[in-house]
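Read the numbers this way: they start at 1 and go in the same order the structure lists the ligands and their atoms.
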Amino acid sequence: MLEARDITFGYGGRPLYEGLSLAVAPGERVALSAPSGFGKTTLCRILAGYERPQAGSVTVDGAPLPRRGRCPVQLIGQHPEHVVDPRLRLGATLAEAGADEDELARLREALGIREAWLARFPHELSGGELQRLCIARALAARPRYLIADEVSTMLDALTQARVWQVLLDEAAARDLGLVLVSHSPALTARLATRVVNLAGE
Ligand SMILES: Nc1ncnc2c1ncn2[C@@H]1O[C@H](COP(=O)(O)OP(=O)(O)OP(=O)(O)O)[C@@H](O)[C@H]1O
């Protein structure tokens, strides 16, 4: 179980939330809903260990997220260009996740990642191409929980459908818990098994 307990977090000034709790079970697909600016992206970052809450805890099966090494909670965000090393060729970035060659080849095939992209640097790919690479990297890291924050906004409709099919298939095959944020009510309705309204409405 991925559990955020009694989370308080703010960037200075009034906290975005105080005492917020959320639990996600393996196999669940939980959509976070709240008005713009409420703190959905921030909560995604807290759940994946990118931000530390001022109070409260995030645990997986009762254990805190590791400070280093492979994290059981992987975040895929809205800005793939912010989370890759601009000086590394993408083959090296993908290899960072530590998966074996067969697994990487399978993920590349599923996500339509061309072999030629691996020799390029991040700025030599489109936003949608780079996002697919970041999704492959997140899956290759063998997460138990996957946080998908507006992951498909930069993708065309066909690629969006393909990427979500891969995420759903992988989540089902590995019994992953999924937390997702989408501004599309249609997508949320199709993907989520539960919707959590952070604004409490
Ligand atoms: N690094 C930061 N420093 C200061 N304030 C920040 C920072 N990041 C986000 N904020 C503020 O915190 C609030 C929550 O931002 P966040 O991106 O988590 O909201 P959101 O619900 O995901 O919004 P949206 O639906 O518009 O993407 C916003 O008011 C934002 O301006």
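- Listed by chain and residue number, the protein contacts of ligand 1 are Tyr11, Leu16, Pro35, Ser36, Gly37, Phe38, Gly39, Lys40, Thr41, Thr42, His183 (heavy atom within 4.0 angstrom).
- The list of ring pair (Phe, Tyr, Trp, His ring centres under 6.0 Å) pairs with a residue in residues 57-83, not counting sequence neighbours, reads His79-His82.
- In this structure, Tyr11 and Phe9 have perpendicular ring planes: the angle between them is above 60°, well past the 30° mark.
- Note on Ile76 and Leu32: separate hydrophobic clusters, where clusters join Ile, Leu, Val, Met, Phe, Trp and Tyr whose side-chain heavy atoms are under 4.5 Å apart, directly or indirectly.
- With rounding to the nearest 0.5 Å, the separation of CG in Asp149 from CG in Leu43 is 10.0 Å.
- Val83 is not connected to Leu90 by any chain of hydrophobic side-chain contacts under 4.5 Å among Ile, Leu, Val, Met, Phe, Trp and Tyr, and they are in different clusters.
- Between Glu103 and Arg106 there is a salt bridge, since at least one side-chain N of the basic residue sits less than 4.0 Å from a carboxylate O of the acidic one.
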